[in-house]
Number of protein chains: 2
Amino acid sequence: MVYLLYNQYNMFTSSEENYLKAIYHLGLVAKKGVSTNAIAKKLDTKASSVTDMVKKLADKKVLIYQKYQGVNLTIEGKKIAALIIRKHRLWEVFLVEKLNFNWDEVHDVAEQLEHIKSPKLIDEIDALLGFPTVDPHGDPIPDKEGEITLRKKVKLSTLKENEETVLLAVKDSSDDFLRYLNKKKIAIGNTIKVIHIEPFDHSTLVQINDVELLITNEVAENLLVKESNAV
Amino acid sequence: MVYLLYNQYNMFTSSEENYLKAIYHLGLVAKKGVSTNAIAKKLDTKASSVTDMVKKLADKKVLIYQKYQGVNLTIEGKKIAALIIRKHRLWEVFLVEKLNFNWDEVHDVAEQLEHIKSPKLIDEIDALLGFPTVDPHGDPIPDKEGEITLRKKVKLSTLKENEETVLLAVKDSSDDFLRYLNKKKIAIGNTIKVIHIEPFDHSTLVQINDVELLITNEVAENLLVKESNAV
DNA sequence: AATAATTTTTAGGCTTATCTAAAAATTATT
DNA sequence: AATAATTTTTAGATAAGCCTAAAAATTATT
Ligand SMILES: [Mn+2]
Ligand SMILES: [Mn+2]
Ligand SMILES: [Mn+2]
Ligand SMILES: [Mn+2]
C-alpha cells in the first residue's frame with residue numbers, strides 16, 4: 001500500500017483546522033449559519049479574527065460565508081473537519097488504552113496530535129487499537145471517509161423513576177466534570193438505575209454499580225445514556 | 001506522579017526547536033562556532049533568516065552569538081536540543097516497533113511529533129517501548145536529563161580484510177541510502193565480514209548474513225560498525 | 001417605526017518567521 | 001599588503017494570525 005504524505009485534504013494550517021473543527025461542532029446544533037461570535041467564543045479569540053479567517057476559508061471553498069449571515073461548511077469542509085475529529089478521537093483512545101492516560105488528561109495532547117500530517121500514522125494507530133468506534137468520552141469516531149455513525153443517546157435527566165439504563169457518553173467533557181465522575185466512580189458502560197427524582201430541584205437518586213448516589217440535575221443533564229428500559 | 005504540561009524547558013516554538021536541534025547536530029562536528037551558512041543549509045532557509053533567529057535565541061540565553069563568529073549553544077541550549085532529539089528518536093522507535101513503519105518512512109513524521117508538548121506523553125512512549133537506548137538508525141537516545149551515552153563506532157571503510165564486525169548504525173539516514181540497504185537486506189545488528197578491498201577504488205567485497213556482496217567505498221563510509229575483531 | 005442594544009465588519013497595528021537586495025566584515029588569493 | 005571572493009549582517013518587504021477601536025449592519029425594545 002502506498003501512502004502519500006500530503007493528500008488533497010490536508011493543505012490546511014493547524015489554525016485553519018481548528019476553525020473547521022469548531023464550526024463543524026457548532027453547526028451540529030445551530031439552526032442557521034454558525035455565527036462569528038459563537039466561533040470566537042469557542043476558539044477563545046476575537047470576532048474580528050474570526051471574520052478574517054472565515055474569509056480565507058471561504059476562498060478555499062470549505063465554507064460558505066455571507067456578511068452578517070454566519071457560515072456553513074461545504075461538503076468538503078465537513079469532510080475535512082470530520083477527519084480531524086477522527087484523528088483527535090483516535091489519539092484519545094490511544095492515550096487512554098495504551099499510555100495510561102486518564103480520560104480527563106487526554107484533551108490537550110489530542111488537540112496537538114490531531115494536526116500531525118501522515119495518513120499512514122493514523123491508519124496504523126486505528127489498527128493498533130482494533131478500529132474503535134467511540135472515544136474515551138463516548139463520542140463516535142468518524143470513519144476514513146469522514147462518515148459518523150450516530151448512536152441514539154438521551155440525557156439521564158429525561159428518564160423516569162425505576163428506569164434502568166447504561167452510560168454511553170458524557171455531554172460535557174470538561175476536566176472538572178470528568179474528575180467529578182472519577183471521584184464518584186462513574187464510568188462509561190456503567191449501569192444506572194433511577195431510584196428517585198426530587199420534584200423540587202430535580203436532584204436525582206441513582207444506583208450506579210450497586211451504590212446509591214445523589215446527583216444534581218446539572219449532572220443528570222450531562223450524562224448521555226441508552227434509551228430507558230422501564231423495570 | 002505529577003506532570004505539568006509546560007515546564008521550564010519548553011517555551012519554544014517549533015521553529016526555534018528546529019534551529020536548536022540543527023545547531024546541536026552541527027556543533028558536534030564543528031571545531032569553532034556553528035556558522036550562519038551551515039545552519040541555513042541544514043534548515044533549507046536563508047542566511048539572513050538565520051541571523052534573525054540566532055539573535056532571538058541569544059536573547060533567550062540558549063546560545064552565545066557574536067557577530068560574524070558563529071554560535072555556540074549554552075548548557076541550557078544543549079539540554080533543550082537533546083530533549084527534542086530524545087523525542088524525535090523515541091517516536092521513530094515507536095513508529096517502527098509498534099506501527100509497522102519502515103526505517104526509511106519515519107523521519108518526516110518524527111519531525112512533526114518531536115514538537116508535541118507533553119512530558120507524560122513521551123515518558124509513557126518511552127515506557128511502552130521498554131526504555132530503548134538507540135533509534136532505528138542506530139543513533140543513541142538521550143536520557144530524560146538530555147545526557148547521551150555514546151557507543152564507540154567506526155566506519156566500515158576503516159576495517160581491513162578478514163576483519164569481522166557488527167552493523168551498529170548508519171551515518172547517512174537519507175531515504176535513498178536506507179532504501180538501498182533494504183534492497184540489499186542490510187540491517188542494524190547484522191554481522192559483516194570484510195572479504196576483499198579493491199585497492200583501485202576501495203570498493204569492498206563483504207559477507208553479510210552469509211551472502212557475499214560488493215559495496216562501493218561510499219557505502220562503506222556510511223556504515224558505522226563495532227571496532228573490528230580480526231579473525 | 002424609531003431608537004437602543006448587540007453583532008459583525010473594517011481599518012490599522014503588532015509579532016513571528018520568512019524573503020530579497022545591498023552593505024559590511026571576514027577570509028582567501030595574488 | 002592590496003585586492004578579490006565569500007560570508008554575514010542589515011534594511012526593507014511580505015504573509016499568517018492575531019489584536020484594539022471604530023464604523024456599519026442587524027436585531028431587539030420601546
Ligand atoms: Mn487543535
Ligand atoms: Mn473526546
Ligand atoms: Mn522538527
Ligand atoms: Mn533516526
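So that the names make sense, note that chain A is the first sequence line, chain B the second, and so on, each numbered from 1. What's counted below: heavy atoms across the whole structure, side chains too, no hydrogens, waters or symmetry copies.
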Open item on the list: Can you measure A:Met53 atom CE to D:dC19 atom C1' for me and round it to whole angstrom units?
Closed with: 14 Å
Task: Between C:dA24 (P) and B:Gln69 (CD): distance, integer Å - done: 19 Å
Open item on the list: Nearest whole Å is fine: how far is C:dT27 P from B:Asn37 CG?
Closed with: 13 Å
Open item on the list: Does a side-chain N or O of B:Ser15 approach OP1 or OP2 of C:dT18 to a distance below 4.0 Å, or not?
Closed with: yes
TODO: Please state how far atom CD in B:Gln66 lies from atom C1' in C:dA25, giving the value in whole angstrom units.
DONE: 14 Å
Task: Between C:dT26 (P) and B:Lys32 (NZ): distance, integer Å - done: 11 Å
Task: Atom-to-atom span, NZ of B:Lys55 to P of C:dT15 - whole angstrom - done: 16 Å
Task: side-chain N/O B:Tyr68 vs C:dA23 OP1/OP2, d < 4.0 Å - done: no
- [ ] Establish, yes or no, whether the cationic atom of B:Lys78 lies under 6.0 Å from the six-membered ring centre of B:Tyr24 and within 45° of the ring axis.
- [x] no
TODO: Answer yes or no: does a side-chain N or O of B:Tyr19 lie under 4.0 Å from OP1 or OP2 of C:dT16?
DONE: no
Task: Interatomic distance, A:Lys67 NZ vs D:dT26 P [rounded to whole Å] - done: 10 Å
- [ ] Answer with yes or no whether the side chains of B:Asp172 and B:Ser174 bring together a donor and an acceptor at under 3.5 Å.
- [x] yes
- [ ] State yes or no: are the ring centers of A:Tyr19 and A:Tyr65 separated by less than 6.0 Å?
- [x] no
Open item on the list: How about CG on A:Leu28, more than 12 heavy atoms from neighbouring residues, nucleotides or ligands closer than 6.0 Å, or not?
Closed with: yes
Open item on the list: So, OP1 or OP2 of C:dT9: does either fall under 4.0 Å of a side-chain N or O from A:Thr36?
Closed with: yes
- [ ] Scan A:Ser49 against the nucleic acid and name what it touches under 4.0 Å (heavy atoms): base, sugar-phosphate only, or nothing.
- [x] base
Open item on the list: Looking only at the side chain of B:Lys46 (C-beta and beyond, no hydrogens), which of the listed nucleotides C:dT9, D:dC18, C:dT20 gets closest?
Closed with: C:dT20
TODO: With heavy atoms under 4.0 Å as the rule, sort A:Ser48 into base, sugar-phosphate or nothing.
DONE: base
TODO: Mind calculating the distance between CG (A:Asp52) and C1' (D:dC19) to the nearest angstrom?
DONE: 10 Å
TODO: Respond yes when some side-chain nitrogen or oxygen of A:Ser35 is under 4.0 Å from OP1 or OP2 of C:dT7, and no when none is.
DONE: no
